[in-house]
Amino acid sequence: MKTVADSELAVAHLVFKVADLKSSCQFYSKLGLPPFATDEKVAIIELRGGTHLLLLSVDDRLEKT
């Protein structure tokens, strides 16, 4: 019987496009996952085992075209 720890599937990075980078960082910080690198357009949050969550700031004007 395999357990989650024995899984052959792994995720290295997750990328989320967000409208409000600051609020998104605050949300994950409240969950105990503060970003370790940020700038105006991207935040990188390290999860477990080398998995990273990348938050990309999206300009609404670009999404509507």
Side-chain angles (χ1 to χ4, degrees):
M1 177 168 153
K2 286 192 172 200
T3 64
V4 174
D6 295 331
S7 176
E8 294 178 16
L9 177 65
V11 175
H13 307 292
L14 299 170
V15 179
F16 293 157
K17 294 180 179 180
V18 298
D20 187 334
L21 188 60
K22 183 178 178 181
S23 292
S24 296
C25 286
Q26 290 173 345
F27 172 80
Y28 288 103
S29 289
K30 288 179 183 178
L31 294 177
L33 303 167
F36 71 87
T38 61
D39 68 18
E40 293 178 14
K41 295 289 185 181
V42 66
I44 302 171
I45 299 170
E46 188 168 8
L47 304 177
R48 293 175 41 186
T51 301
H52 294 90
L53 173 60
L54 286 80
L55 303 176
L56 304 179
S57 181
V58 178
D59 186 340
D60 284 338
R61 293 173 288 162
L62 296 176
E63 291 297 310
K64 292 179 183 178
T65 58

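Below, each value reflects all heavy atoms present in this structure, side chains not excepted, and no hydrogens, waters or symmetry copies. Remember, predicted model here, so these are calculated numbers, not experimental data.
The one candidate from I45, L54, L55 that meets the side chain to side chain contact (heavy atoms under 4.5 Å, CB included) condition with F16 is L55.
Expressed to the nearest 0.5 Å, how far CD of Q26 lies from CG of L21 amounts to 10.0 Å.
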Quick one, Y28 with L53, criterion side chain to side chain contact (heavy atoms under 4.5 Å, CB included). Give me CA distance, side-chain angles, the key distance, then yes/no. CA-CA 10 Å; Y28 288 103; L53 173 60; 3.7 Å; yes

Using the rule given for side chain to side chain contact (heavy atoms under 4.5 Å, CB included), can you reason through V18 versus V58, listing the C-alpha separation, both sets of side-chain angles and the distance that settles it, and then say yes or no? CA-CA 6 Å; V18 298; V58 178; over 6 Å; no

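In this structure F27 satisfies the side chain to side chain contact (heavy atoms under 4.5 Å, CB included) test together with L31, sequence neighbours excluded.
Residue pairs satisfying the side-chain hydrogen bond (donor to acceptor under 3.5 Å, both in side chains) criterion with at least one member in residues 29-46, sequence neighbours excluded, are absent.
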